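Working notes for the structure below.
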Amino acid sequence: MRIMLTGYSGRMGRAVIEAAAYKSDEFSIVVGVAIDPAAINMTFPVFLTPSEYDEPLDMIIDFSHHSMIDSLLEYAKNKKIPAVIATTGHTPKEIELIKAYSEHIALFKSANMSVGVNLVAGLAKKAAMILKDDFDIEITERHHNQKLDAPSGTALMLADEISSAFDSFEKPEYIYDRHNIRRVRAKKEIGIHAIRGGTIIGDHEVIFAGTNELITISHSAQSREMFANGALSAARFLRGKPPGLYSMKDLINEITN
């Protein structure tokens, strides 16, 4: 599979390069795109924008900055190339753009490429369906000190999964900061807390706090390799799919069915 890797010079980009090299019989990074293509010496050509590359491709894997999504999607549509979007921090307008382009090409988007994290999200939703009336729900996430967006896309994904367990008329409010709120905690809210420090790859915890009992569901990433392998699995899943917006749920369903 011939892959364009956008964001090749970042931490996750380098992890994808290593993972693809290990599976070179199936995956080949043939071109990289990054804001600073001179940052790292690569064995493949590198460019500032996707449109500068005009050779055949089978897939795009995106671990770049969310601001690149417009040019990436336009290129993918024009070339009819499916894309795995693993970048986080997209604005609501960019999310709508992704949905619009998915009507023309196959797109795979996940805030977290770990199968384990997505299973945790499913477990958290099931727990919320049972506990939502009697337990307070909080989410904490911890990442390295170089991460730009907060809260993480994964924390928001977890919150959205939990929120989907509530009826439409009682959706909980997301609370990101309580230092200037002088009131008792509202029942229908989900607290989301971000910690940044050191070289933490990514830890997420969902807390269900009830009367005299505490239930936690957590996931800790030990290596970026798991995310890189998840992105390659998503690329394998997406190849040959009709236009549409796919997620890790679809990949897991295909594996388990």
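One is the number of the first residue; the rest follow in order along the sequence. Just so it is clear, the structure is predicted and the values come from calculations on it, not from any experiment.
- Evaluation of the salt bridge (charged side-chain N to carboxylate O under 4.0 Å, His left out) rule for D134 yields no partner, not counting sequence neighbours.
- Ring-plane geometry between F47 and Y53 is classed as tilted, the angle between the planes lying from 30 to 60 degrees on a 0 to 90 degree scale.
- Side chain of T87 to main chain of S64: a donor-acceptor pair is present (N/O by atom type, distance under 3.5 Å, no hydrogens or angles).
- You'll find the side chain of L72 stays beyond 4.5 Å of the side chain of V33, heavy atoms only.
- Residues K187 and D133 are not paired through a salt bridge, judged by the lack of any N-O separation under 4.0 Å between the basic side chain and the carboxylate.
- Between the E141 side chain and the S152 main chain, a donor and an acceptor come within less than 3.5 Å of each other.
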Between E161 and K249, does the salt bridge (Lys or Arg N to Asp or Glu O under 4.0 Å) criterion hold? Intermediate values first, please. CA-CA 11 Å; E161 280 295 300; K249 287 182 181 179; 2.7 Å; yes
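- Heavy-atom contacts from other residues, nucleotides or ligands closer than 6.0 Å to CG of D54 number 12 or fewer.
- Under the 4.5 Å side-chain criterion, counting only non-hydrogen atoms from C-beta, T91 is in contact with H66.
- For the residue pair K80 and I105, the shortest heavy atom distance occurs at CA-CG2, 4.3 Å.
- Of the charged side-chain nitrogens involved, at least one lies within less than 4.0 Å of a carboxylate oxygen, so that R178 and E138 count as a salt-bridged pair.
- Between K109 and Y246, every side-chain heavy-atom pair lies at or beyond the 4.5 Å cut-off.
- Checked by atom type and distance alone, the side chain of R239 never pairs as donor or acceptor with a backbone atom of M59 at under 3.5 Å.
- Atom-to-atom distance recorded for I81:CD1 and Y75:OH is 4.5 Å, nearest 0.5 angstrom.
- For the pair R185 and G191, the tightest heavy-atom approach, listed with the atom from each and the gap, is NH2-N, 4.1 Å.
- Under a 4.0 Å N-O distance rule, the pair K99/E96 qualifies as a salt bridge.
- Residues A235 and I61 share a closest heavy-atom pair of CB-CD1, 4.2 Å.
- For the pair N112 (side chain) and S114 (backbone), a donor-acceptor distance under 3.5 Å is present.
- Ion pairing between K241 and D250 fails under the 4.0 Å rule for side-chain N and carboxylate O.
- Between the side chains of T211 and E213, no donor N or O sits under 3.5 Å from an acceptor N or O.
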Should H204 and H143 be marked as a ring-ring contact (aromatic ring centres under 6.0 Å, His included) after you check the CA-CA gap, both sets of side-chain angles, and the distance that decides it? CA-CA 9 Å; H204 295 84; H143 285 87; 5.1 Å; yes
Start with the C-alpha distance between V206 and T216, add both sets of side-chain angles, then the distance that settles side-chain contact (heavy atoms from CB on, under 4.5 Å), and finish with yes or no. CA-CA 6 Å; V206 181; T216 62; over 6 Å; no
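- Within the model, atoms CE of M12 and CZ of F63 stand 4.0 Å from one another, a figure rounded to the nearest 0.5 Å.
- Side-chain contact between D70 and L97 is present, with at least one heavy-atom pair separated by less than 4.5 Å.
- Inter-residue side-chain proximity for N118 and S110 is flagged as met; some heavy-atom pair is nearer than 4.5 Å.
- Taking both residues in full, the closest heavy atoms of Y8 and I17 are given as O-CD1, 3.9 Å, listed atom of the first, atom of the second, then distance.
- Scanning for side-chain contact (heavy atoms from CB on, under 4.5 Å) contacts around R183 gives I175, I181, A186, E189, with sequence neighbours left out.
- Side-chain atoms of L251 and S233, non-hydrogen and from C-beta on, do get closer than 4.5 Å to each other.
- Using a 4.5 Å heavy-atom cutoff, the side chains of I162 and K125 are not in contact.
- Using a 4.0 Å cut-off between charged nitrogen and carboxylate oxygen, K147 and D149 count as a salt-bridge pair.
- What you find for G116 and H219 is that their closest heavy atoms are C-CD2, 3.9 Å.
- A distance of 5.0 Å separates CZ of F208 from CD1 of I137, quoted to the nearest 0.5 Å.
- Here the CZ atom belonging to F27 is positioned 4.5 Å from the CG atom belonging to L232, to the nearest 0.5 angstrom.
- The line from CE of M1 to NZ of K23 is 11.0 Å long, rounded to the nearest 0.5 Å.
- Contact of the R196 side chain with the H144 side chain is not registered, since no non-hydrogen atoms from C-beta on lie closer than 4.5 Å.
- Taking the ring axis of F166 as reference, the NZ or CZ atom of K132 stays within 45° of it and closer than 6.0 Å to the ring centre.
- The nearest pair of heavy atoms linking F44 to V30 is CB-O, 3.5 Å.
- Looking at residues two or more places apart in sequence or on another chain, you find no side-chain contact (heavy atoms from CB on, under 4.5 Å) involving K126.
- Counting non-hydrogen atoms of other residues, nucleotides and ligands closer than 6.0 Å to NZ of K171 gives a total above 12.
- When the side chains of ILVMFWY residues are joined at heavy-atom separations under 4.5 Å, either directly or via intervening members, L156 and I217 end up in a single hydrophobic cluster.
- Going from atom OG1 of T6 over to atom CG of D62 covers 3.5 Å, rounded to the nearest 0.5 Å.
- Summarising the local packing, OH of Y22 is surrounded by 12 or fewer heavy atoms from other residues, nucleotides or ligands at distances under 6.0 Å.
- Other residues, nucleotides and ligands contribute more than 12 heavy atoms inside 6.0 Å of the CG atom of N180.
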